[in-house]
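Below is one structure, written out as structure tokens; comments come after it.
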Amino acid sequence: MTFINPTFWIVAVVVYILLSIETSHKASLRFGFINLFALNLLLGWQIALGALLGVTLFWGMVSLGLQYGAQKNQNKSLVGFSILAGVTVVFIFHKLNLQHSPWIETLQALAPWMRSDFFLTFLAGLSFSYIFVRCADALHCVFWKNCPLMGPLSLFGYLLPFHMLLSGPVNAYEEHLEMDRDAEPESVPSLDRVLLILNAITTGLLYKFVVAESLRTYFYGANGEMTVSNWGDSAILALYVFFDFAGYSRVARGLGLLYRVPTPENFSAPFLSVSVTDFWTRWHMSMGQFVRRNLFTPIQLNLVRAVGIKNAGWVSLVTMVVSFGFVGLWHRISWTWILWGVAMGLLMALEKHVQTFAMRKGWNRSPWIGHALPWLGPVYTNTVLIISVRFVAEEIF
């Protein structure tokens, strides 16, 4: 399922028409049902049905977990962590399968009756890496923030939105809940809204199919394989990934605006960032917001309560390393990506300490710093980016 497939755009139009029909049902439920219809057309009824059964199983586990915690007066956190652990195991097998790990071959040899080859291919077809983080966000909201649990169909629309299925962005569970609290949608979109939608979709298509593919074709040929053998290749790969990924994200954003389904922005001029920390607030923004909501903030708060505010500096360092260590593992389960994540976490912790030191010295008020930072900052940030891309290039390919 890609945006270059005409069937995708026919389905996208049909989804809009169906969503425009006024009914008394909740917006999240209507989208969930129509989203199931869209996936059935795009991926086939077997995959759509399998996905619905998987989401229903997940919903049933969460629902039973909430009831068990309430009836037995058990710790809801323990129940939530147990379900998250189960989803994480599935995620690990999914990533190992994508990496053609010998562990998967061993599993298939030991238990051929499980049909793990079919199951793991099914997960790959649904881009389970994104479904995993949505499951984690839903569990955090339901078990730790006491948000209501959606019904199975509504949850299906949140976990597997067809317009975000391929490569995100990562939508937030709480924002999806807000669909049911919003006022009735306008029957005809305003001119401003139409322009926003058209701008997002056309910009995304331009990024992906003109800029990104032109870069790939110019430097590596129509059928050439992208390789990284020098620093110039690292810079080209960084540009290609940006325009490719940002292109998909912009199209998804435009369709989300059209459907009035929460679909976050994913990029905001990342190459103009003045620091690595600033870069990760602009690149894959929805993933960064997920990490902040579900890892960085909870870990930081709990560690500060445990060790005291005097050790906040060390807590910040540990939290940053753990958070970006997860980001590395989410990309690929390998030592290369773990080291990449740890290095990024350490670098951002160092930037925070340098910033604090500069503020104490009053350097941040210097006009020279104010004029130099917008120019020197991006040079430093993009240098780090090119080095990091060179480091993980083989893992990307």
Among Pro262, Pro161, Ser286, exactly one meets side-chain contact (heavy atoms from CB on, under 4.5 Å) together with Asn171. Which residue is that? Pro161
Arg250 vs Glu265 side-chain heavy atoms within contact, under 4.5 Å: yes
Flag the pair Phe267 / Phe245 as yes when at least one side-chain heavy-atom distance between them is below 4.5 Å, and no otherwise. yes
When you look at OH of Tyr380, are more than 12 heavy atoms from neighbouring residues, nucleotides or ligands closer to it than 6.0 Å? yes
Are side-chain heavy atoms of Phe162 and Leu43 found at a separation under 4.5 Å? no
Starting at CH2 of Trp335, measure out to CG of Leu329 and round the result to the nearest 0.5 Å. 9.0 Å
Write out all pairs satisfying salt bridge (charged side-chain N to carboxylate O under 4.0 Å, His left out) with one or both partners inside residues 293-310, taking only residues at least two apart or from two chains. Asp137-Arg293
Kindly assign one of parallel, tilted or perpendicular to the pair Tyr259 and His163, based on the angle between their ring planes and the thresholds 30° and 60°. perpendicular
Ring centres under 6.0 Å, that's the criterion: do Trp337 and Phe391 meet it? no
Is the backbone N or O of Leu165 less than 3.5 Å from a side-chain atom of Ser127, with the two atoms forming a donor-acceptor pair by type? yes
What I'd like to find out is whether the side chain of Leu255 reaches to under 4.5 Å of the side chain of Ile201, using heavy atoms alone. yes
Do side-chain atoms of Trp59 reach the backbone of Met150 as a donor and acceptor pair under 3.5 angstrom? yes
Any side-chain heavy-atom pair from Lys26 and Arg181 closer than 4.5 angstrom? no
Arg216 (side chain) donor-acceptor with Met226 (main chain) under 3.5 angstrom: no
Enter the distance from Lys76:NZ to Leu66:CG here, rounded to the nearest 0.5 Å. 6.0 Å
Using atom types as modelled and distance alone, determine if a side-chain donor or acceptor of Ser28 lies under 3.5 Å from a backbone N or O of Asp180. no
State the CZ-CG distance between Arg134 and Leu155, to the nearest 0.5 angstrom. 11.0 Å
Whether over 12 other heavy atoms sit under 6.0 Å from Trp231 CH2: yes
Min side-chain heavy-atom separation His94-Ser129 under 4.5 Å: yes
Without swapping roles, check the side chain of Thr263 against the backbone of Val261 for a donor-acceptor pair under 3.5 Å. yes
Can you sort out the partners of Glu174 under salt bridge (Lys or Arg N to Asp or Glu O under 4.0 Å), two or more places apart, ordered by chain and number? Lys145
Rounded to the nearest 0.5 Å, what separation is found between the CG atom of Leu84 and the OG1 atom of Thr88? 4.0 Å
Is Leu301 reachable from Met320 through a run of hydrophobic residues whose side-chain heavy atoms are each under 4.5 Å from the next? no
Would you say that Phe37 contacts Val14 through its side chain, given a criterion of any heavy-atom pair below 4.5 Å between the two side chains? yes
Kindly compute the distance separating CZ (Phe279) from CD (Glu351), expressed to the nearest 0.5 Å. 12.0 Å
Hey, would you say the Phe81 and Trp144 ring centroids sit under 6.0 Å apart? yes
Does a sphere of radius 6.0 Å around NE2 in His353 hold more than 12 heavy atoms from other residues, nucleotides or ligands, not counting ones at 6.0 Å or beyond? yes
Below 30° counts as parallel, above 60° as perpendicular, anything between as tilted: where do the rings of Phe326 and Phe290 land? tilted
Parallel, tilted or perpendicular: which one describes the rings of Trp340 and Phe324, with boundaries at 30° and 60°? tilted
Check: Asn35 side chain, Phe31 main-chain N or O, donor-acceptor pair, under 3.5 Å: no
Are side-chain heavy atoms of Ser388 and Leu385 found at a separation under 4.5 Å? yes
The test is side-chain contact (heavy atoms from CB on, under 4.5 Å); show your working for Val55 and Leu160 and say whether it passes. CA-CA 9 Å; Val55 171; Leu160 289 95; 3.4 Å; yes
Residue list, salt bridge (Lys or Arg N to Asp or Glu O under 4.0 Å) with Arg390, at least two apart or on another chain: none
Return yes if some donor-acceptor pair links the side-chain N/O of Lys208 with the main-chain N/O of Phe243 below 3.5 Å, else return no. no
Within this structure, what is the CG-OG distance for the pair Asn382 and Ser234, rounded to the nearest 0.5 Å? 12.5 Å
Can you tell me if Arg193 uses its side chain to pair, donor with acceptor, with the backbone of Leu257 under 3.5 Å? yes
Val327 backbone acceptor or donor facing His331 side chain under 3.5 Å: yes
Take Tyr207 and Tyr248, measure what ring pair (Phe, Tyr, Trp, His ring centres under 6.0 Å) needs, and give me the verdict at the end. CA-CA 8 Å; Tyr207 278 10; Tyr248 277 118; over 10 Å; no
Do side-chain atoms of Thr281 reach the backbone of Asp278 as a donor and acceptor pair under 3.5 angstrom? yes
Where does the angle between the aromatic ring planes of Trp283 and Trp280 fall among parallel (under 30°), tilted (30 to 60°) and perpendicular (over 60°)? perpendicular
